[in-house]
There are 2 protein chains.
Amino acid sequence: MSFFVSMDAAPAPLTPVNPLQQLENQLCFPLYAASRMITKAYQPLLEQFDLTYPQYLVLLLLWEHQERTVKELGEHLVLDSGTLTPLLKRLEQRQLISRRRDPRDERSVIIGLLPAGVALQQPACRIPEQLFEKMGLPQAEFEALRNQLTQLLTRLR
Amino acid sequence: MSFFVSMDAAPAPLTPVNPLQQLENQLCFPLYAASRMITKAYQPLLEQFDLTYPQYLVLLLLWEHQERTVKELGEHLVLDSGTLTPLLKRLEQRQLISRRRDPRDERSVIIGLLPAGVALQQPACRIPEQLFEKMGLPQAEFEALRNQLTQLLTRLR
DNA sequence: TTGAATTTAATTGCACACAACTTAATTGTA
DNA sequence: TACAATTAAGTTGTGTGCAATTAAATTCAA
């Protein structure tokens, strides 16, 4: 800090800033921020069902298949049992899902839909459209972005 | 559930699955998963500095400006004081940053870089390139994706 | 066939995220 | 100037994420 710099002026960086080191020039930050903002956009829609976003993702998978092991859920959602187990226990407590050991392989836990969980599908099925409208993203941009992200995902797996 | 369906066959969905309700057809999921996977990709690079990803983002901003209020950090990172305050306290404990009230407005807290925090910039400046290489994404795709995400971000703000 | 290696969940501990609320300082206005 | 409204951080409580470890079941290999 120089004596010649007034208190109000920001001192120059000691090391010139690497442009790559700026927030806007990285891929990670917009991804991180956009992800959280979209999750937040879901929140008012999910609130009526008292669901969190990852809980909703689990239900989306079960509405397709009724039964999935914890491992399968984890593979699809890229989440491990450390995240899923407590989340699933909360859904179980609310009688939305069942948890039972697979009798053919006692290591696995099979997650199934209970009637209350099945019953949520119908009212929740409008959520994706509602969110799409809320974002106001042109269909083409939406799909382009989705495809690029899906591609990135398979690349990173 | 029909009596004619064997125990092993998955019972048909009670409600036909809305394609929009499938994980792959939504924007949110690839965004959510890609964000976490990229954060995970940073982890080995940040580990040597004992930094988490959001801590690293705070330092990125400070390396550009030396001083920022909690509010400013929150605006750039889209994080509130509930997240930032404990995070900043951890960085303060490690003497990477300083926290002091703005004498001109005692509501604000000014976050500044301490020498140890300044010293991290030099060795950390290669992280963005390293990550870029790690992802193996063609430059053009990288930039296209970044631009679309940035656009989405401004749209969602 | 037995014992080592692997697999699957669960558990523990830590660090975010974020809603809701509190506290203190500042601003705007009658 | 008073004092209500607003603003900025901090606090509290809940729910993820995830690394590391544990425990139990299964598989593999000698």
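Every chain is numbered from 1 and lettered A, B, ... according to where its sequence line falls, protein lines coming before strand lines. Computed from a predicted structure; not experimentally measured.
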Could you give the CG-to-C1' distance, from A/Leu87 to D/dT14, as a whole number of Å?
12 Å
Could you give the CD1-to-P distance, from B/Ile111 to D/dA8, as a whole number of Å?
15 Å
Could you pull out all residues at least two apart from B/Arg155 that satisfy salt bridge (Lys or Arg N to Asp or Glu O under 4.0 Å)?
A/Glu141
Annotated protein contacts, base or backbone, on nucleotides 18-26 of chain D with a non-hydrogen cut-off under 4.0 Å, one of B, S, - each:
BB-----BS
Do A/Trp63 side-chain atoms and A/Gly117 backbone N/O form a donor-acceptor pair below 3.5 Å?
yes
In chain order, what residues pass the side-chain hydrogen bond (donor to acceptor under 3.5 Å, both in side chains) check against [X], with sequence neighbours excluded?
X        : answer
A/Glu75  : A/Lys71
A/Tyr42  : B/Gln26
B/Glu92  : B/Arg99
B/Asp102 : none

In residues 88-101 of chain B, which ones come under 4.0 Å of DNA chain C, going by heavy atoms?
B/Arg90
Is the distance from OP1 or OP2 of D/dT16 to the nearest side-chain N or O of A/Thr52 less than 4.0 Å?
yes
Closest to the 5' end of DNA chain C, once B/Tyr53 and A/Glu72 are matched to their nearest nucleotides, is A/Glu72
When you list every nucleotide of DNA chain C with an atom under 4.0 Å from a heavy atom of chain A, which one comes first 5' to 3', and which comes last?
C/dT7 to C/dA19
What residues, two or more places apart in sequence or in another chain, satisfy side-chain contact (heavy atoms from CB on, under 4.5 Å) together with A/Gln148?
B/Ala144, B/Leu145, B/Gln148
With sequence neighbours excluded, tell me which residues meet side-chain contact (heavy atoms from CB on, under 4.5 Å) with A/Pro30.
B/Arg146, B/Leu149, B/Thr150, B/Leu153
Listed pairs under 3.5 Å, donor-acceptor, residues 44-57 of chain B side chains, sequence neighbours left out:
{"residue": "B/Gln48", "atom": "NE2", "partner": "B/Leu45", "partner atom": "O", "Å": "2.9"}
{"residue": "B/Thr52", "atom": "OG1", "partner": "B/Gln55", "partner atom": "N", "Å": "3.3"}
{"residue": "B/Gln55", "atom": "OE1", "partner": "B/Thr52", "partner atom": "N", "Å": "3.0"}

Would you list the pairs meeting ring pair (Phe, Tyr, Trp, His ring centres under 6.0 Å) in which at least one residue belongs to residues 86-144 of chain A, sequence neighbours left out?
A/Phe132-A/Phe142
